[in-house]
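Take a look at the structure set out below.
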Amino acid sequence: MLFQQIVNGISVGSMYALLAVGFSLVYNILGIANFSHGAMIALGAFFSYWIARYLAVPVPVAILASIAFTGLSSALVELVTLRILRKRGQGSLYFFIASLTVFNLVTAVLVYISRGNIVSYPRAFLSGTFTIGNLYIPWIDAGMLLISIVCLAVLSYVMFKTRFGLAVRAASFSIKAAQLMGMDIDAIIQGVFFVSGTLAGVTGALLGVKYAVYPYIGNFVYMALFACVVGGLGNLTGAVLGGLLIGLLETLVSAYISSAISPALTFAFLVVILLLRPQGLAGRATEEKI
Amino acid sequence: MKRIALLLICTLLIGVVSFSASAADPIVVGFITALTGSTSLWGTQERNGAVLAADEINAKGGVLGRQIKLIVYDHKGQPAEGVSAYRRLVDQDKAVVVGGTHFSNISLAIAPVAEQKRVPIIGQAIEPKVTVPEPGKVNRYTFLAQPSSAQQGQMMARFGYENLGLRKAAVLADKSNSYSTSQAEAFAETFKALGGEVVSYIEYAGGTMDFKAFITQIKSKSPDVMFLPQYAQAGGLQVRQSKELGLNVTILGSNSLSDQNYIDACGGIQNAAGTYHLFNVNFDDPKFAPFHKAYEAKYGEPVQTYHTVFGYDDIYLIADAITRAGKVDPEAIRDALETIKGVPVLAGDGMFTMNPATHQPVSMPSWIFRWAADGSRVPERLIYPVE
């Protein structure tokens, strides 16, 4: 039973990891917690659902279309909030507030449109299960883990093997220096938002398939934040580790300690981790950016 | 012409249903349900039932020779809105009796206000505390007209143990919702009293989406039945995740699992087939033919959910109470509601009797349905609660 619970935990954790990586990406370059990530999760879930349901296209196609949409939406959010604030020389707190506003606005609009209903995909995608010995592994969980791994592989390729990635890393080191080197910093930041938006979109859509589509699904962004904090803010590897750890903790606490207070106990564990290692699991102690 | 225009406007504004040209003033009956919000489908179905019943009664000459004027307000699924709707009905519209709601949290909020305002309200909330806030005490002005959650949990346990021969039960309940926990407690208590074993009893935090940790735990105890007193969405997710983890046991559930949403949330009928759930009414019974005909004639579409019956039955129970009260007075109507005996209704076995000590129905049965592999719902049996 323990192994089955670990499998359950990893399946939850891999989603958190994927969410956390997208969240961490923006933090990495700007030192800002970007809560519009939650809006992109919710938009990803709803758009892939609407496309699959009303255009009657296969679910994977719907997910791909929705990812492109959330990437663009995220870039648009950057354009109408962060860029304006940056040009006016406003501090990061203002963007933090703006991103929370976007998150709440999108959630409110989705509540209105969906009338608060919870809906499920009309047909099964990645349904069923396979077994290894006594372990039951649902295809959707295996698929999500695989998609997480692919996304992370693509992301690390982009970050470490492309000029864009080099630019992002340079900018995350110092925006000013990167600008002095003649880089188009606006384009880089917008690119980061686009990538982060696509990651939120794919996770949102998969969460919708795995569980259900509902307006408050964007609240998973808080798990992304916690995963990042535990793993070390701004550290992509840390984000993955943090996500997996929280998923495992949640599951094992539910299974072996108490189900009804599992969320409370999970957070108590996280507080202990942070007391012992304030910079997070994989983080280095850094000075504040901007 | 002016009068007709006025009537039309009134109808549009407040959902007034029927008017009388007779000299006597109509009797104002209030109704509170969800006309907007996520549960508006249930609410509009309930209203349709209430309006249909009021029309039928008025067409036969009304009550005490006077027409019923039904005023329907929206509680939007929110307790505060429910309370203000009740106040408005009583204070402004001078309603003498009110029908609704079928939401436990909303009826719980209205009950103390009804005690102050002294205008009775009868609805289908499932939480027994709506009328019996604590043992030995009863809210004088609040009445319920469907089996309580405790009775529903009890009926399901008896059906599982006695009719299906199940012996080892697992129970999964939403800690944040009394609809869920009160059914779960009654189920476990009854199942054990009958001689069965509750091998796993899990209460989870509200809002949970991933139930695999609990299901893995349940599976290790090898039950032969799982009781899921849930709303359709959560119940469907639990069943889907159980199948994913290879737990294939009999599923017993609450009346919410009758929703089509349940099938989608299960990931398709292949997962939902075989689920047993409670249901207030057997619409396929031939005796419902006139009701279906009247409903379709009025609304141009078939009945969609069982909440229609709630509204319809409430109005007939109210009409009976006013008739027996003999006068249009809230206190007299209250007394008559308390002593409803053998009044024909659609729900259960078609007869309604009120228990004066609890303000809940006496021995009101429920149907148990099974989801079949072709996506239809098959009535299994009518089951009575044991008092």
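Each chain gets a letter, A, B and so on, in the order its sequence line appears, and its residues count up from 1.
Ring geometry for B:His307 versus B:His102: interplanar angle of 30 to 60°, hence tilted. Note on ring orientation: taking the six-membered ring where Trp is involved, the planes of B:Phe279 and B:His277 are perpendicular (angle over 60°, cut-offs 30° and 60°). The aromatic rings of A:Trp50 and A:Phe46 are tilted relative to each other, their planes meeting at an angle between 30° and 60°.
Only the side chain of A:Asp141 comes within contact range of chain B, with at least one heavy atom under 4.5 Å from a heavy atom of that chain. Residue contact with chain A, scored on non-hydrogen atoms closer than 4.5 Å, involves the backbone and the side chain of B:Gln217 alike. For A:Val213, no part lies near chain B; criterion is any non-hydrogen pair under 4.5 Å. Interface residue B:Leu237: only side-chain heavy atoms are found under 4.5 Å from chain A. Residue A:Thr131: no heavy atom, backbone or side chain, is found under 4.5 Å from chain B. Both the backbone and the side chain of B:Lys212 come within contact range of chain A, each with at least one heavy atom under 4.5 Å from a heavy atom of that chain. Using a 4.5 Å cut-off between heavy atoms, B:Ser176 makes no contact with chain A at all. Of the atoms belonging to A:Tyr214, it is side-chain heavy atoms, and not backbone ones, that fall under 4.5 Å from chain B.
Within residues 247-254 of chain A, the residues approaching chain B closer than 4.5 Å by heavy atoms are, in numerical order, A:Thr251, A:Ser254.
Within a 6.0 Å sphere centred on CZ of A:Phe269, heavy atoms belonging to other residues, nucleotides or ligands number 12 at most. Within a 6.0 Å sphere centred on CH2 of A:Trp139, heavy atoms belonging to other residues, nucleotides or ligands number 12 at most. Within 6.0 Å of NZ on B:Lys219 lie more than 12 heavy atoms contributed by other residues, nucleotides or ligands.
Side chains of B:Ser107 and B:Glu127 form no contact here, defined as non-hydrogen atoms less than 4.5 Å apart. Residues B:Leu108 and B:Pro79 fail the side-chain proximity criterion, which asks for heavy atoms closer than 4.5 Å.
Highest contact tally toward chain B, considering only A:Pro138, A:Ala264, A:Ala212, is held by A:Pro138 [criterion: heavy-atom pairs under 4.5 Å]. Between chain A and the residues B:Gln241, B:Arg240, B:Lys243, the most heavy-atom pairs under 4.5 angstrom are made by B:Arg240.
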Determine whether A:Phe267 and A:Phe226 satisfy the following criterion, ring pair (Phe, Tyr, Trp, His ring centres under 6.0 Å), listing intermediate values before the conclusion. CA-CA 9 Å; A:Phe267 287 116; A:Phe226 300 134; 4.8 Å; yes
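Scanning both residues, A:Leu199 and A:Val21, for their nearest heavy atoms gives CD1-CG1, 4.0 Å.
Each of B:Ile269, B:Leu257, B:Asn271 was checked for a side-chain contact (heavy atoms from CB on, under 4.5 Å) with B:Tyr262, and the lone residue meeting it is B:Leu257.
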